[in-house]
A.B. asks: 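The structure's right below; bear with me while I get my questions together.
Throughout, residue positions are numbered sequentially from 1 according to the sequence presented.
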Amino acid sequence: DFFTSLIDISWPWTIFSFAASFFISWLFFAVIWYLIALGHGDLDPAHSMPGASHIFCVDKVNDFTTAFLFSLETQHTIGYGGRATTGPVLFGNHCDGCSEYCWGHHLGLYGWNIFCQIHKTYPARRYSDI
């Protein structure tokens, strides 16, 4: 069982898997945001010229590094710097919502895991804390 295995691993592996899962999540959604920008034509230099009428899917995403930073900003903050999804591109807004949904489940899973790890470590206090 995956959840039981998460509880049974040692603390260093718990912390490592916690940090690695954050990075993998950021990387996964960065690839998705990059592919959205690539497919929508946002990475074409002609669209960045003054006077171009192209509507960007995500403002200020012009390479993979900025897509990674947008993924990180989306999953960590309630406000954005210069990068944000635009209204007319519906798929970008759906991806943004999916990213937040996955992020919430991710935090819930690891919050549960750390709670169980603590109670596994101190079994005498298990019922007195609840």
Side-chain angles (χ1 to χ4, degrees):
D1 184 11
F2 177 71
F3 298 111
T4 306
S5 298
L6 278 177
I7 294 171
D8 289 337
I9 61 176
S10 65
W11 274 105
W13 280 107
T14 299
I15 294 169
F16 173 76
S17 67
F18 184 64
S21 65
F22 278 105
F23 183 76
I24 290 168
S25 174
W26 299 331
L27 195 61
F28 174 74
F29 281 104
V31 168
I32 290 175
W33 285 116
Y34 183 77
L35 291 175
I36 288 172
L38 187 65
H40 191 255
D42 295 348
L43 304 179
D44 186 9
H47 294 217
S48 298
M49 299 299 238
S53 62
H54 180 74
I55 298 173
F56 288 92
C57 184
V58 179
D59 285 334
K60 306 267 186 348
V61 170
N62 41 6
D63 58 5
F64 186 76
T65 303
T66 55
F68 183 82
L69 290 173
F70 178 69
S71 174
L72 193 137
E73 284 178 11
T74 299
Q75 294 183 15
H76 273 288
T77 61
I78 57 171
Y80 296 102
R83 289 177 278 279
T85 55
T86 57
V89 182
L90 199 56
F91 185 70
N93 294 329
H94 289 311
C95 184
D96 198 14
C98 180
S99 171
E100 293 298 324
Y101 180 78
C102 291
W103 183 249
H105 284 339
H106 180 251
L107 287 177
L109 172 70
Y110 273 98
W112 165 83
N113 182 19
I114 289 176
F115 178 79
C116 290
Q117 285 269 359
I118 290 169
H119 284 286
K120 180 187 81 167
T121 307
Y122 303 107
R125 296 184 349 197
R126 181 174 305 185
Y127 296 107
S128 66
D129 289 347
I130 295 178

A.B. asks: Quick one: ring-ring contact (aromatic ring centres under 6.0 Å, His included) partners of Phe28, sequence neighbours excluded?
C.D. replies: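 Listed in chain order: nothing, the list is empty.
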
A.B. asks: Closest heavy-atom contact between Val61 and Phe70?
C.D. replies: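 In this case the closest contact between Val61 and Phe70 is CG2-CB, 4.1 Å.
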
A.B. asks: Between Ser71 and Ser25, what is the shortest heavy-atom contact and its length?
C.D. replies: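 Closest approach of Ser71 to Ser25: OG-O, 4.2 Å.
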
A.B. asks: So, taking the atom named OG in Ser17 and the one named CZ in Phe22, what distance separates them when rounded to the nearest 0.5 Å?
C.D. replies: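 The distance works out to 10.5 Å.
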
A.B. asks: In terms of the angle between their ring planes, are Phe68 and Phe23 parallel, tilted or perpendicular, with boundaries placed at 30° and 60°?
C.D. replies: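 Plane angle between 30° and 60°, so tilted.
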
A.B. asks: Roughly how far, to the nearest 0.5 Å, is the CG atom of Asp63 from the CG atom of Leu43?
C.D. replies: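 These two atoms lie 8.0 Å from each other.
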
A.B. asks: Please round to the nearest 0.5 Å and tell me the distance separating atom CH2 of Trp33 and atom OG1 of Thr66.
C.D. replies: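 These two atoms lie 12.5 Å from each other.
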
A.B. asks: Show your reasoning for whether side-chain contact (heavy atoms from CB on, under 4.5 Å) applies to Trp26 and Leu69.
C.D. replies: CA-CA 8 Å; Trp26 299 331; Leu69 290 173; over 6 Å; no

A.B. asks: Which is it for Phe64 and Leu27 under the side-chain contact (heavy atoms from CB on, under 4.5 Å) test, yes or no, and what are the steps along the way?
C.D. replies: CA-CA 10 Å; Phe64 186 76; Leu27 195 61; 3.9 Å; yes

A.B. asks: Taking Thr14 for its side chain and Ser10 for its backbone only, find out whether a donor-acceptor pair lies under 3.5 Å.
C.D. replies: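 Looks like yes, one N/O pair under 3.5 Å.
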
A.B. asks: Tell me, with the steps shown, if Leu72 and Phe29 meet side-chain contact (heavy atoms from CB on, under 4.5 Å).
C.D. replies: CA-CA 9 Å; Leu72 193 137; Phe29 281 104; over 6 Å; no

A.B. asks: Got a second to check how far Phe16's CZ is from Ser21's OG, nearest 0.5 Å?
C.D. replies: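 That separation rounds to 10.0 Å.
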
A.B. asks: Report yes or no: do Ser5 and Asp8 form a side-chain donor-acceptor pair below 3.5 Å?
C.D. replies: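 There is no such pair between these side chains.
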
A.B. asks: Using the side chain to side chain contact (heavy atoms under 4.5 Å, CB included) criterion, which residues pair with Trp112? Sequence neighbours excluded.
C.D. replies: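 Residues passing side chain to side chain contact (heavy atoms under 4.5 Å, CB included) with Trp112: Phe3, Ile7, Leu109, Cys116.
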
